[in-house]
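Take a look at the structure set out below.
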Amino acid sequence: MTAKRRVALLGSTGSIGTQALQVIALHPERFDVAALTAHSNRDLLFEQVRRFRPAFAALTAGETEIPEDLRFCEWGFGEDALVTAARDVPCDDVLVAVVGMAGLPSVLAARESGRRVLLANKEALVAGGGLVMDLCPPDEANPSLIPVDSEHSAVFQCLRAAGTPYESITLTASGGPFRTWDAQQLATATLEDALRHPTWNMGRKITVDSATMFNKALEIIEAKWLFRAEPGQIDVLIHPESVIHSMVHFRDGATLAQMGVPDMRTPIAYALGFPGRPESGAGALRLGAMGTLRFEEPDPVRFPALRLAYEALAAGGTACCVLNAANEEAAGAFLGGSLRYTGVAAVVEETLGRVPSTKADSLENILRADTIARQAARRLIKEGFPRKR
């Protein structure tokens, strides 16, 4: 019998984290939970600790009183607890599902300790892709980093099936709730409109990123690092049904695509069970019932995020870190009501123009660039940028 894999789950109370625990619960004979961390949702974390009984648990928002019945495990507090869970808790896999730059030190710590990383955090590769991939030597039989995002999981699966070099990659995008909106409509888009995603059920921030297409911009940057691709080898295609999760094109003219219902438990289960395919709990894809699959080229005028991703990649250094930081601040301002929808891309573009790119050759330099970019974006938002014409 194969030994159980011990999983440290960073961000266990979020959308990815809760779905990962659903998959793990289906396979008690295959997985043990070694660590669970959350930011501030202590009540849900307490429930998870009671059920899965990890050796370590943490709340990164700060200290709190731990119920008597949960003191069987070691507890950590503050953001440093993420690195502790990734580096010091005995485990095989570290599933990084935290949101934000806190994911980067965790990924680095996990890899420096020889743990396999299951990556559902965009910032680690967008801001620190060079640092991360230096710790992930190519090994098809035993990869040290497996992507969890549905699009990158799809590319990963296609490349594994093909076993041959690719020519290019197409990342698919649902188009979000504003796929058919014109520029005049977008100027009056509300937060309620942006959160009404047509196919995926996700957290608020990533749902806003889907509406602005910054999620796809970040995925372009991630794909560059994950698959050691040139920016010109990566494109995006709108696919409203969200059943083809991405495609890979080869020299002989063949295209491989990975398909499935839009349910994150599928790529989560694939990453957890690699190289096998354990049951995920997701439903089967029934193409006959769908009838039609549609594809469209993205509009760079209505959705400038994609252009900004390629410009940041061309600039190199910390430019992608600046893009990510500015987007986080702008998306947060939109969620908080202090920035209109069309202001998100405008703030990101202006921040990229104001913050010079520096070398992204150390964690310190990347975190410094992140701080400077956030400060610049906040100033722009506070000053009322962009001005209404």
Does any N or O in the side chain of [X] come within less than 3.5 Å of the main-chain N or O of [Y], such that one atom is a donor and the other an acceptor?
X	Y	answer
Tyr341	Ala211	yes
Ser338	Phe334	no
Ser210	Ile206	no
Lys4	Val33	no
His245	Gly260	yes
Thr318	Ala369	no

Decide yes or no for [X] and [Y]: does some side-chain heavy atom of the first lie under 4.5 Å from some side-chain heavy atom of the second?
X	Y	answer
Glu349	Arg307	yes
Val117	Ile146	no
Val344	Leu339	yes
Pro138	Arg228	yes
Thr351	Leu380	yes

Could you tell me whether Arg50 and Glu47 make a salt bridge, using a distance below 4.0 angstrom between a side-chain N and a carboxylate O?
->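 Looking at Arg50 and Glu47, the cut-off is not met.
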Glu151 with Lys216: basic N within carboxylate O range, under 4.0 Å |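 Looking at Glu151 and Lys216, the cut-off is met.
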Pairwise salt bridge (Lys or Arg N to Asp or Glu O under 4.0 Å) hits with a residue in residues 124-149, at least two apart |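 Counting only pairs at least two positions apart or across chains, the salt bridge (Lys or Arg N to Asp or Glu O under 4.0 Å) contacts touching residues 124-149 are Lys122-Asp149.
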Pairs satisfying salt bridge (Lys or Arg N to Asp or Glu O under 4.0 Å), at least one member in residues 265-283, at least two apart |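 Matches after skipping sequence neighbours: Asp263-Arg265.
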Working to the nearest 0.5 angstrom, can you tell me the gap between [X] [atom1] and [Y] [atom2]?
X	Y	atom1	atom2	value
Phe295	Ile244	CZ	CD1	3.5 Å
Leu70	Glu65	CG	CD	11.0 Å
Asp80	Arg87	CG	CZ	8.5 Å
Ile220	Tyr310	CD1	OH	4.0 Å
Leu82	Glu79	CG	CD	6.5 Å
Leu145	Leu226	CG	CG	6.0 Å

Does [X] share a hydrophobic cluster with [Y], counting links as ILVMFWY side-chain heavy atoms below 4.5 Å and allowing steps through other members?
X	Y	result
Ile16	Val99	no
Leu26	Ile24	no
Met264	Leu44	no
Val83	Leu45	no
Ile268	Phe274	yes

For residues [X] and [Y], is any side-chain donor paired with an opposing acceptor at under 3.5 Å?
X	Y	value
Glu123	Asn121	yes
Gln19	Ser15	yes
Arg116	Ser144	no

What donor-acceptor contacts under 3.5 angstrom involve side-chain atoms of residues 321-329, with partners at least two apart or in another chain?
{"residue": "Asn327", "atom": "ND2", "partner": "Asp209", "partner atom": "OD1", "Å": "3.1"}
{"residue": "Glu328", "atom": "OE1", "partner": "Arg374", "partner atom": "NH1", "Å": "3.2"}
{"residue": "Glu328", "atom": "OE1", "partner": "Arg374", "partner atom": "NH2", "Å": "2.9"}
{"residue": "Glu329", "atom": "OE1", "partner": "Arg378", "partner atom": "NE", "Å": "3.0"}
{"residue": "Glu329", "atom": "OE2", "partner": "Arg374", "partner atom": "NH1", "Å": "3.0"}
{"residue": "Glu329", "atom": "OE2", "partner": "Arg378", "partner atom": "NH2", "Å": "3.1"}

Does [X] have any side chain to side chain donor-acceptor pair (under 3.5 Å) partners at least two apart in sequence or in another chain, and if so, which?
X	answer
Thr266	none
Arg51	none
Glu297	none
Glu383	none

Testing Leu104, Leu131, Ile221, Leu119 for side chain to side chain contact (heavy atoms under 4.5 Å, CB included) with Leu125, which one passes?
->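 The option that passes is Leu119.
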When the side chains of residues 281-294 are checked against the rest of the protein, which donor-acceptor pairs come out under 3.5 Å, sequence neighbours left out?
{"residue": "Arg294", "atom": "NE", "partner": "Glu241", "partner atom": "OE2", "Å": "2.6"}
{"residue": "Arg294", "atom": "NH2", "partner": "Glu241", "partner atom": "OE2", "Å": "3.0"}

Answer yes or no: are there more than 12 heavy-atom neighbours, outside Arg71 itself, under 6.0 Å from its atom CZ?
->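 Enclosed.
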Take atom CG of Asp361 as the centre, draw a 6.0 Å sphere, and report whether it contains more than 12 heavy atoms from other residues, nucleotides or ligands.
->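 Enclosed.
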Which pairs, with at least one residue in residues 29-55 and sequence neighbours excluded, count as a ring-ring contact (aromatic ring centres under 6.0 Å, His included)?
->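 Output for this query lists Phe46-Trp75.
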Evaluation steps, side-chain hydrogen bond (donor to acceptor under 3.5 Å, both in side chains), between Ser174 and Ser242 = CA-CA 6 Å; Ser174 69; Ser242 298; 4.6 Å; no
Report the residue from Arg6, Arg115, Arg5 that forms a side chain to side chain donor-acceptor pair (under 3.5 Å) with Asp93.
->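 Per the side chain to side chain donor-acceptor pair (under 3.5 Å) rule, the option paired with Asp93 is Arg5, out of Arg6, Arg115, Arg5.
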Only counting residues at least two apart or in another chain, list the ones meeting side chain to side chain contact (heavy atoms under 4.5 Å, CB included) with Ser153.
->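 In terms of side chain to side chain contact (heavy atoms under 4.5 Å, CB included), with neighbours along the sequence ignored, Ser153 is linked to Gln157, Pro267, Tyr270.
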Is the NZ or CZ atom of Arg53 both under 6.0 Å from the centre of the six-membered ring of Phe72 and within 45° of that ring's axis?
->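 Ring-cation test returns yes.
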Under a single-linkage rule joining Ile, Leu, Val, Met, Phe, Trp and Tyr whose side-chain heavy atoms are separated by less than 4.5 Å, which residues share a cluster with Phe56?
->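 Besides Phe56, the hydrophobic cluster comprises Val89, listed by chain and residue number.
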Heavy-atom pair of closest approach, residues Ala85 and Ala35 |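 Minimum heavy-atom separation between Ala85 and Ala35: CB-CB, 4.2 Å.
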Donor-acceptor list for residues 164-171 side chains, cut-off 3.5 Å, not counting sequence neighbours:
{"residue": "Tyr166", "atom": "OH", "partner": "Phe227", "partner atom": "O", "Å": "2.7"}
{"residue": "Thr170", "atom": "OG1", "partner": "Asp235", "partner atom": "OD1", "Å": "2.7"}
{"residue": "Thr170", "atom": "OG1", "partner": "His249", "partner atom": "NE2", "Å": "2.7"}

